[in-house]
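Notes to accompany the following structure.
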Amino acid sequence: MGEREGVPQTKAAPPALRYLDPEEVRAFRGPDGSAYVTIRDEMTVIGARFMRVCPLTDPDRYLAIVGPDPNGRDFGLLRNWCRLDAASREVVAAELQRRYLHPTVKRILSVKDYYGVAVCTFETDRGVREVTLRDVQDNAIYLGPSRVLLTDAEGNRFDIPDIAALDPTSRALLAEIL
Amino acid sequence: MAEVLQIPQTVQDLVQRSVPNGGIRLAAASDLGADRRYGEQWILLAGDRVLVCELEGGQANLLIDLPLHDISEFQIENLVGGAVLQAVVDGHRTDLIPYTNALAKRFANVRVQLDAAAKGKPVPEIAEPHMRCPKCGLVLGEETRVCPRCVERGAVLRRLLTYTKPYRAGLVVIGLLMLAATGFGLVPPALTRVLVDKVLVPKANAHLLPWLVLALAGSSILGTVLTVWRGRLAAWLGGRISFDIRAQLYHRLQWLSLRYYDRHPMGAIVSRLTQDSGGIQDFLAFGLPWIAGNGLIVVGVAIALVVLNWKLALLVLIPTPVVSLLIRLLWRRVHRAFHRFWHGWSRFHTIVNDSLARVKIIKAFTRENQEIERFRLRNADLFRASVAAEQTFATFFPIIGLAVGSGSLLVWYFGGRLVLSAPTGAGFTLGDLMAFLGYLAMLYGPLNFLAQSAQWVSRAMTAAERVFEVLDAEADVEEASAGIVLDRPRGEVEFRNVTFGYQRGQPVLKDLSFSVPAGTMLGLVGRSGVGKTTVINVLCRFYPIDEGQILLDGVDIRDLDLSAYRSLIGVVFQEPFLFSGTIAENIAYGRPGASLEEIMAAAKAANAHDFILRKPDGYDEQVGERGSRLSAGEKQRLCIARAILHDPVILVLDEATANVDLETEEQIQEALVRLVEGRTTFAIAHRLSTLRNADQLLVLEDGKRAEFGTHAELARNKGVYSRLLSIYRKTSRVRAVDG
């Protein structure tokens, strides 16, 4: 049994979100090649990482600046990183490209069905890839009426942002598996 | 190493140029290019250099070339959808090679191998986890090696049929019944032929009419009786065989090692026992007899048609493949629509389950209207899917009928001309034509389903192969072997230089030594993930240790009879787990056959007796999944009672941190004190009181023994323990105030 004679802890101020003004934030490449971020000339985060708050539904709106270690602390949020200066934007864009590897499907080139296992060829924004889907329905997440995320047998995820916007062939092939 | 062989020549040449006199010690390919598009990069350890190159258009471009001795450590940074292997140079992390999730396992191994090399050790051999079918390369995932494309249907079917061996006689009867039923099935059109040619057309032989009709009735009834008989027999046989398979499967599952369960997700194992064996039953009871029976009918009918008129027979038989292909295509669309409908149902199910199970929360947040709206959307989805499915069916089913019937149109026309041109009573008669059409009707039905039976067979064979995979899994050698049975062991336990890891090359316990005198209590202390539970796991012999020895009364536990050894150990886990059954049965789980008085005594000692009496059914109260709900504190006390009755020499206590009220907590504590009395106890301690009461404390850090001694000694020490202690004090103070 714990010690019961204890006194209540003194109340610390509740943690608050810190929104950063794009004017006060500068990102650049440090000498070691990682991303450095200077905030309000108060501090520099070495090896900063940029994390999308809503990578699926609103990827370019809120961006968190996080420290380098695995349980990195959050240094603040950018409401709209497009308003950073051009040089910083370039660094942030490169870091986002580095971190977010999920491809977006542009076209479906072929679908072959082997008794419940579908082998598809997707043309994505990262190039063409052969993808194996098993139990397609169980591994599909619908984000709205025309958007679907497919997870393949190897744990990779493929985003089809707008099924209606696909070309007719792709749509017909998709209908075969979904 | 298999992968060295597959290194492209250009990459090998590049290595040769960059590191002329160092052999390739390690090589692995990634599936992303330097621009993070799909591509191919290689990481190589050649001599004492780490190279990364990109393969583009048949050219290998060197991207990174680092001396191994500059690298202190290799790390993996997890990204979204993949990860990147990094080298730590002068305290800075440098990206070496990115890859997608598909290669996560491969690069986890590469990291271990490179780390070993960086520390000057030989590169350990680690087998690449199988993810693809070795024959065709189809991605299978880790759970299974059975490839639906390559599975040898013949071999699997033969093996499946060995299960019919004890029931050979039944099988023979089924075969005979099938033949006879087919024979009787072919009789009616032959009788119609006689009826038309000998009675109806010539308007003669009226005395034959009742006999012919009687014969028609007779053959139909007999055929039906035989079919019923056969169906009942096949159902029994199919059920019996899958009963045997399930029994064998469950037996094997109980004796497989925990390592097997670590490697295979529970869902996959359960589905083999339920779905796969169910699939086999369906196939054996319905599929196989159906296919065989209809195959026989097709052959019989085809023969009958040829005998009647071979030219006409050819005319209708030749287009049948085309027709059945067409039918198959139409069926596929129907199936797809229904598939979507069924999935709509299962999603609908989820949402209804979800919201009704959480109705209290919904009410508390007054979200009823939003839930109704959410339901309305799903309901509308389901409505659309059901309309689509039913309409597809309503459209295509008649069309399929039309396609099936089209063959008979040919027969009506060409057969009709034959009848007209033939002299009355000779050549191709009206009776022949009627019989021909009758046989034809019998042919198309089975034919359009036989087209689907290929898929049916494949599914069943894949299911069977998955079941066989479990049956063939290596049994744990340890589980089977017999050994020494100790007579009244005292319970002195010693760990001697124990090293163990769940995966090779990744030890969780490192060279751990300590001893626990008989009847004393050892508290295991340390942060989570430090190896406390692992100490328990190896003590219980759930896993064999890699190096060192664990001794009970001076005897290596590996030399002891496993069942006898485990019966010396009692465990009270953090998650109190009850089986479906009565309270009495649950307490007596570790000692079946215990008398009620013994059970009550144990419950009393565990402070459980009083609350059990208050239950309407007392010791007969049903608990577990479908039984009455017990509070966390009640469940814990039942588990303690179970351990007391089991009366183990060695007690393992994984202390619960469950939120129970103070009075209950006190009762549990009391019960535990009684339980621990006189037993060698290993306690994973979360409570300060346990830490104080323990005779010795083992403080673990990173799988190693950090500190060892009594609470008082260690608290004075200002080491790891005193640091942990101050955290414990703070949190328990908060808990005490909250409580």
Side-chain angles (χ1 to χ4, degrees), chain A residues 1-9 30-34 46-47 49 51-52 55 68-70 94 96-103 112-117 119 122 124-134 136-138 140 142 145 151-159 175-178, chain B residues 31-33 35-39 77-84 89-95 98-104 131-132 136 138-141 147-149 332 336 339-340 342-343 346-347 455 458-459 462 662 665-666 669 687-689 728-737 739:
Chain A
M1 179 101 25
E3 293 178 324
R4 265 193 265 162
E5 73 283 4
V7 286
Q9 300 273 294
D32 59 350
S34 72
I46 297 170
R49 292 181 294 163
M51 299 191 176
R52 289 176 166 141
D69 29 287
L96 290 177
Q97 166 83 355
R98 171 180 176 276
R99 177 172 165 79
Y100 292 93
L101 295 172
H102 281 319
K112 277 179 244 153
D113 190 36
Y114 298 107
Y115 310 110
V117 178
V119 177
F122 288 161
T124 73
D125 57 341
R126 292 182 186 270
V128 174
R129 179 139 171 142
E130 195 184 82
V131 175
T132 307
L133 301 166
R134 18 178 69 229
V136 184
Q137 289 289 354
D138 293 336
Y142 292 88
T151 305
D152 74 1
E154 298 176 306
N156 284 319
R157 205 171 64 193
F158 295 84
D159 187 0
E176 282 199 22
I177 50 171
L178 278 182
Chain B
D31 54 353
L32 288 175
D35 57 357
R36 313 267 160 156
R37 290 172 60 83
Y38 295 128
E77 184 186 337
N78 286 317
L79 307 173
V80 181
V84 59
V89 180
D90 295 335
H92 293 301
R93 291 189 289 200
T94 312
D95 284 1
Y99 51 89
T100 72
N101 286 340
L103 302 179
M131 292 286 281
R132 286 167 177 275
C136 70
L138 190 71
V139 180
L140 301 176
C147 175
R149 184 154 59 171
R332 244 172 82 178
R336 215 177 286 152
H339 211 77
R340 235 168 279 166
W342 291 323
H343 266 282
S346 89
R347 277 206 295 273
Q455 190 155 357
S458 271
R459 285 243 167 98
T462 313
L662 287 172
E665 172 82 31
E666 226 156 304
Q669 280 305 311
R687 293 188 182 92
L688 272 173
S689 58
Y728 275 24
R729 283 217 171 96
K730 252 186 230 160
T731 52
S732 55
R733 198 171 290 159
V734 174
R735 217 185 293 155
V737 171

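Chain letters run A, B, ... following the sequence lines, proteins first and then strands; every chain starts at 1. If you're wondering where the values come from, they're calculated on a predicted model, not measured in any experiment.
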Pairwise distance [atom1]([X]) to [atom2]([Y]) - rounded to 0.5 angstrom:
X: A/Arg98; Y: B/Arg36; atom1: CZ; atom2: CZ; result: 5.5 Å
X: A/Arg126; Y: B/Leu32; atom1: CZ; atom2: CG; result: 7.5 Å
X: B/Arg37; Y: A/Gln97; atom1: CZ; atom2: CD; result: 9.0 Å
X: B/Asp31; Y: A/Glu154; atom1: CG; atom2: CD; result: 8.0 Å
X: A/Ser34; Y: B/His92; atom1: OG; atom2: NE2; result: 7.5 Å

* A/Pro103 versus B/Tyr38, closest heavy-atom pair with distance ->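 Where A/Pro103 meets B/Tyr38 most closely, the heavy atoms are CG-OH, 3.1 Å.
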* Where do B/Arg93 and A/Pro68 come nearest, in terms of heavy atoms and distance? ->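 Distance-wise, the nearest heavy atoms are NH2-O, 2.9 Å.
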* Within a strict 4.5 Å, meaning less than it, do heavy atoms of the A/Arg52 and B/Val80 side chains meet? ->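 No, every pair of side-chain atoms sits at 4.5 Å or beyond.
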Interchain contact, [X] with chain B, by part (heavy-atom threshold 4.5 Å):
X: A/Glu176; result: both
X: A/Asp125; result: backbone
X: A/Val128; result: backbone

* **Best-contacting candidate, B/Asn78, B/Val89, B/Thr100, against chain A by heavy atom pairs under 4.5 angstrom** =>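 With the most close heavy-atom pairs to chain A, the winner is B/Thr100.
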* If you count heavy-atom pairs under 4.5 Å between each of B/Leu103, B/Leu79, B/Val84 and chain A, which one has the most? ->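 Of the options given, most contacts go to B/Leu79.
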* To do: Counting only heavy atoms closer than 4.5 Å, note whether B/Ala83 contacts chain A via side chain, backbone, both or neither.
  =>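 It is the backbone, since no side chain atom gets that close.
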